[in-house]
Each structure stands twice: as structure tokens, then as C-alpha cells.
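Notes for the one structure printed next.
Being a predicted model, the structure only gives us computed values, none of them experimental. Computed from heavy atoms alone, side chains included, the values below leave out hydrogens, waters and symmetry copies.
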Amino acid sequence: LVAVSSQRALTLDGVPHAVSDHRDLLALPEVDAVAICTPPQPRYAIARDALEAGKHALLEKPPTATLSELEELARIAQNAGRVLF
């Protein structure tokens, strides 16, 4: 674990990076994959940003608020050669 992101930039012992904006986390070159642990409504936008930044993405259940959002993320992941799980 190399980074965490929360609205309050909460830190975690032993984790070198803590940010308040997920886009700052995605800009870190040492981040290869992200686990997105948010409510379903904002999850699509964060996952889309992650995939477009070249990161693999793990989504909680339900993965998105709508099926069309999930289908779009799957298309983005496939086109980017990234794993969406």
C-alpha cells in the first residue's frame, strides 16, 4: 500500500502518501492499481479517472450505480488494457 485518498487526507501509519483528491493519488507513478471503496454514486467517476490514468481498478459491490456505467467502465478498461474487477 503506497497511498490513500480521503476527503480529509487522513493518514495511515506506514503509508507514504495521503491525499484529499483521488486525482493526486492517480498521478503517483508508484500506484499501479486502486481499490475504490466509496458509495456507488461517485464510484463511476473515480474508476473512470483511474482507468484513464492507466491504473487497474477494483470496485466494491455494487460496482456502479447503474448497469450502463459499468458497461462504459468495462469498455474503457478493455481499450486501455487495464483490469477492472
Identify the two heavy atoms, one from [X] and one from [Y], that lie closest to each other, and give their separation to 0.1 Å.
X: K55; Y: V31; result: NZ-O, 2.7 Å
X: S20; Y: S5; result: C-OG, 4.2 Å
X: G54; Y: R82; result: O-CD, 3.2 Å
X: A3; Y: L25; result: CB-CD1, 3.7 Å
X: L84; Y: A77; result: CB-CB, 3.8 Å

Query raised in the report: Are H56 and D32 close enough that a side-chain donor and a side-chain acceptor fall under 3.5 Å?
Result: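 Result is no, nothing qualifies.
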
**Report entry** T38 (side chain) donor-acceptor with P42 (main chain) under 3.5 angstrom
**Finding:**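 Side chain of T38 to backbone of P42, a donor-acceptor pair under 3.5 Å: no, none is there.
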
Query raised in the report: For A74, does its backbone N or O pair with a side-chain atom of Q78 as donor and acceptor, under 3.5 Å?
Result: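 Judged by distance alone, no pair lies under 3.5 Å.
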
**Report entry** Criterion side chain to side chain contact (heavy atoms under 4.5 Å, CB included) on V4 and L10, from CA distance to verdict
**Finding:** CA-CA 8 Å; V4 293; L10 298 174; over 6 Å; no

**Report entry** Lys/Arg-Asp/Glu bridge criterion (N-O < 4.0 Å) met for E60, R43
**Finding:** yes

Report task. Using the side chain to side chain contact (heavy atoms under 4.5 Å, CB included) rule, take L58 and I36 through it: C-alpha gap first, then chi angles, then the decisive distance, then the call. Result -> CA-CA 6 Å; L58 169 67; I36 303 168; over 6 Å; no

Query - Whether over 12 other heavy atoms sit under 6.0 Å from Q7 CD - result: no

Point-to-point distance, once rounded to the nearest 0.5 Å, from [atom1] of [X] to [atom2] of [Y]:
X: E71; Y: L67; atom1: CD; atom2: CG; answer: 4.0 Å
X: I46; Y: L59; atom1: CD1; atom2: CG; answer: 10.0 Å
X: L28; Y: D24; atom1: CG; atom2: CG; answer: 8.0 Å
X: L51; Y: N79; atom1: CG; atom2: CG; answer: 10.5 Å
X: H17; Y: T11; atom1: NE2; atom2: OG1; answer: 13.5 Å

Query - Test side chain to side chain contact (heavy atoms under 4.5 Å, CB included) applied to R48 and E72, step by step - result: CA-CA 9 Å; R48 184 193 63 230; E72 177 69 9; over 6 Å; no

Query - Under the side chain to side chain donor-acceptor pair (under 3.5 Å) test, residues paired with T66 that sit two or more places apart - result: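 S68.
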
Query - Test log, rule side chain to side chain contact (heavy atoms under 4.5 Å, CB included), inputs V2 and V15 - result: CA-CA 5 Å; V2 297; V15 178; 5.8 Å; no

